[in-house]
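Input: a single structure, listed below in structure tokens.
A quick note: this is a predicted structure, and the numbers were derived from the prediction, not measured. If you read the sequence from its start, that first residue is 1, and numbering goes on from there.
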Amino acid sequence: MLDFTSDYNQGAHPKILERLVETNFEKVTSYGLDKYSLSAKDKIKKACGCENAEVYFLTGGTQTNQNVISAMLKGFEGVIAADTGHIGSHEAGAIEFTGHKVLPLPHENGKLTAKAVKDYVLNYYADENYEHMVFPGMVYISYPTEYGTLYSKKELTELYAVCKEYKMPLYIDGARLGYGLVCGESDMSLEDIARLCDVFYIGGTKVGALCGEAVVFTKNNMPEHFMTLVKRNGAMIAKGRLIGVQFDTLFTDGLYFEISRNAIEKADRLKNIFRKKGYRFYIDSPTNQIFILLEDSKLEQLQQDVKAGFWEKPDAEHTVVRFATSWATTDSEIDALEKIL
């Protein structure tokens, strides 16, 4: 059975496993203060071109989003997101659980526009009753988006300008950041990401790590006592080395970006196969997530040999399914899927 359901259904890159084994019996400081975590932080700052950045490691995406957003918002504020945004659609109310409302706006191919955010804020403050409403205190986006689409440098610059105008920090969910940055359609670098937001995270879980995300506060703006807030939320890992070693490895000799390219190369191959065989694309995604519109009868037939992720039901007879490639997808898997298709 072939499995293209997600980009985190395999373990970790061999170099990470080797480093974890090599360092296994060393006794090091706990809570992310070990030499490997400190080294990883330095490498990430350098890669971001932001030597004064503050970096903190957490274990997973939902945990990261919950902790960052709740720490940066005031009690009466909510977070603006696309209505397809991960924090509002697939995180089980994790943000609302902290007392902060997700404020959804319509998306354009998975993206928030600067105009939509500005219009929302202007309309909010034009309402004489706004003191009775949830204040827009932050803007959340994903790069790539949930539909695998990308913000251009121009789009992100315009969006960040609106955020700065209304004093709302811009937070970028980078669960698949590596795949977005190495994509041929991207005009962004890691330095651009760091410059055009207030906080973002570099995804490890979906890009070669066993687990782990690296939160980067780019404007000397890490919330006061952030480590304490993380611990209060039960999100602190005692053996911080586990994530530190992984990111130290990922950011040695460009490994993070090297392995990210594999996902894009394999996705491009797979897209060409789908086109050649006449399959219908639901959306034009340039990254490693491919969305195909299938008749339900065809999907039932395909599921006998292939696993793909359910996405949505546009009507009673069709289903949108997602095929995701990853850092570990092989040519032999693509070849096998081509024969089945």
Side-chain angles (χ1 to χ4, degrees), residues 1-10 82-86 89-90 106-113 141-152 155 175-188 203 206-208 258-341:
M1 176 72 73
L2 294 174
D3 191 340
F4 287 88
T5 53
S6 73
D7 39 21
Y8 53 101
N9 55 6
Q10 290 176 271
D83 53 15
T84 52
H86 204 262
S89 59
H90 289 114
H107 70 95
E108 292 187 10
N109 290 328
K111 296 184 283 188
L112 279 181
T113 66
I141 64 172
S142 298
Y143 187 92
T145 71
E146 285 69 27
Y147 282 98
T149 52
L150 299 170
Y151 289 85
S152 68
E155 289 171 328
R176 296 181 170 93
L177 186 60
Y179 302 141
L181 291 176
V182 303
C183 173
E185 292 192 19
S186 173
D187 64 352
M188 302 276 286
K206 294 173 180 171
V207 192
E258 176 188 328
I259 65 175
S260 292
R261 289 188 185 91
N262 182 73
I264 302 302
E265 291 168 359
K266 298 303 185 290
D268 288 345
R269 266 201 71 196
L270 187 51
K271 289 170 197 171
N272 288 332
I273 291 169
F274 280 126
R275 291 190 188 99
K276 184 174 65 175
K277 293 183 176 289
Y279 282 81
R280 294 170 59 190
F281 290 82
Y282 182 66
I283 193 170
D284 184 17
S285 165
T287 55
N288 70 310
Q289 299 180 83
I290 305 169
F291 300 90
I292 301 297
L293 182 65
L294 293 174
E295 293 182 359
D296 288 344
S297 57
K298 178 66 175 178
L299 175 59
E300 185 175 348
Q301 178 186 351
L302 191 64
Q303 286 175 329
Q304 296 176 22
D305 301 295
V306 181
K307 290 183 179 180
F310 170 86
W311 197 251
E312 59 185 84
K313 286 282 294 178
D315 57 51
E317 291 80 31
H318 295 83
T319 300
V320 178
V321 295
R322 183 188 71 176
F323 290 79
T325 58
S326 79
W327 61 274
T329 303
T330 64
D331 282 315
S332 61
E333 289 174 309
I334 302 297
D335 293 340
L337 180 57
E338 182 176 17
K339 290 179 182 178
I340 292 170
L341 294 175

Using the test side-chain contact (heavy atoms from CB on, under 4.5 Å), find all partners of E155 that sit at least two apart in sequence or belong to another chain. K111, Y151, S152

Donor-acceptor pair, side chain of S89 and main chain of G85, under 3.5 angstrom: yes

Any heavy-atom pair between the side chains of L150 and C183 that's under 4.5 Å? yes

With F323, which residues qualify under ring pair (Phe, Tyr, Trp, His ring centres under 6.0 Å), at least two apart? F274

Salt bridge (charged side-chain N to carboxylate O under 4.0 Å, His left out) involving R275 - partner list, sequence neighbours excluded: none

What's the spacing between I283 CD1 and T149 OG1 if we round to 0.5 Å? 5.5 Å

Any donor-acceptor N/O pair, N262 side chain to E258 backbone, under 3.5 Å: no

With side chain to side chain contact (heavy atoms under 4.5 Å, CB included) as the criterion, how do Y147 and W311 come out once you've worked through the C-alpha distance, each side chain's angles and the decisive distance to 0.1 Å? CA-CA 10 Å; Y147 282 98; W311 197 251; 3.4 Å; yes

Is Y143 close to M188 at the side-chain level, that is, under 4.5 Å between some pair of heavy atoms? yes

Which pairs with one or both residues in residues 176-186 pass salt bridge (charged side-chain N to carboxylate O under 4.0 Å, His left out), sequence neighbours excluded? D7-R176

Do T325 side-chain atoms and T329 backbone N/O form a donor-acceptor pair below 3.5 Å? no

Trace of the side-chain hydrogen bond (donor to acceptor under 3.5 Å, both in side chains) decision for Y179 with S186: CA-CA 10 Å; Y179 302 141; S186 173; over 6 Å; no

With sequence neighbours excluded, tell me which residues meet side chain to side chain donor-acceptor pair (under 3.5 Å) with K276. E338

I want to check something: taking the side chain as every heavy atom from C-beta on, are Y282 and E312 in contact at a cut-off of under 4.5 Å? yes

Give a yes or no on this: more than 12 heavy atoms of other residues, nucleotides or ligands lie within 6.0 Å of atom NZ of K339. no

Tell me the closest heavy-atom pair linking V207 and A175, and the distance in Å. CG2-O, 3.9 Å

For S6, check side-chain contact (heavy atoms from CB on, under 4.5 Å) against everything at least two apart and list the hits. Y8, N9, R322

Distance-only donor-acceptor hits, side chain of residues 298-310, under 3.5 Å, sequence neighbours excluded:
| unit_1 | atom_1 | unit_2 | atom_2 | d |
| --- | --- | --- | --- | --- |
| K298 | NZ | Y279 | OH | 3.4 |

With distance as the sole test, does S285 use its side chain to make a donor-acceptor pair with the main-chain N or O of Q289 at under 3.5 Å? yes

What's the verdict on side chain to side chain contact (heavy atoms under 4.5 Å, CB included) for T145 and T84, showing C-alpha distance, side-chain angles and the deciding distance? CA-CA 9 Å; T145 71; T84 52; over 6 Å; no

Rounding to 0.5 Å, atoms CD1 (I273) and CG (D268) come to a distance of 11.0 Å

Please report the interatomic distance CD(E265) to CZ(R261), rounded to the nearest 0.5 Å. 8.5 Å

Sequence-distant partners of K271, side chain to side chain donor-acceptor pair (under 3.5 Å), two or more places apart: none

Any residue meeting side chain to side chain donor-acceptor pair (under 3.5 Å) with H107, in chain and number order, not counting sequence neighbours: none

T319 side chain reached by L294 side chain, heavy atoms, under 4.5 Å: no

Determine the minimum heavy-atom distance between G148 and P286, stating which atoms define it. O-CD, 3.2 Å

Given side chain to side chain contact (heavy atoms under 4.5 Å, CB included), test D284 with F291 step by step and report yes or no. CA-CA 8 Å; D284 184 17; F291 300 90; over 6 Å; no

Is D335 close to R269 at the side-chain level, that is, under 4.5 Å between some pair of heavy atoms? yes

Residue list, salt bridge (charged side-chain N to carboxylate O under 4.0 Å, His left out) with D83, at least two apart or on another chain: none

More than 12 heavy atoms of other groups within 6.0 Å of E295 CD: no

pair T330-E333: side-chain heavy atoms closer than 4.5 Å: yes

Contacts of D296 meeting salt bridge (charged side-chain N to carboxylate O under 4.0 Å, His left out) (sequence neighbours excluded), chain-then-number -> K313

Can you tell me how far the CG atom of L177 sits from the OG1 atom of T287, to the nearest 0.5 Å? 11.5 Å

Any P314 side-chain heavy atom under 4.5 Å of V320 side chain: yes

Name all residues meeting the side chain to side chain donor-acceptor pair (under 3.5 Å) criterion together with K206; count only those two or more places apart in sequence or in a different chain, and write none if there are none. none

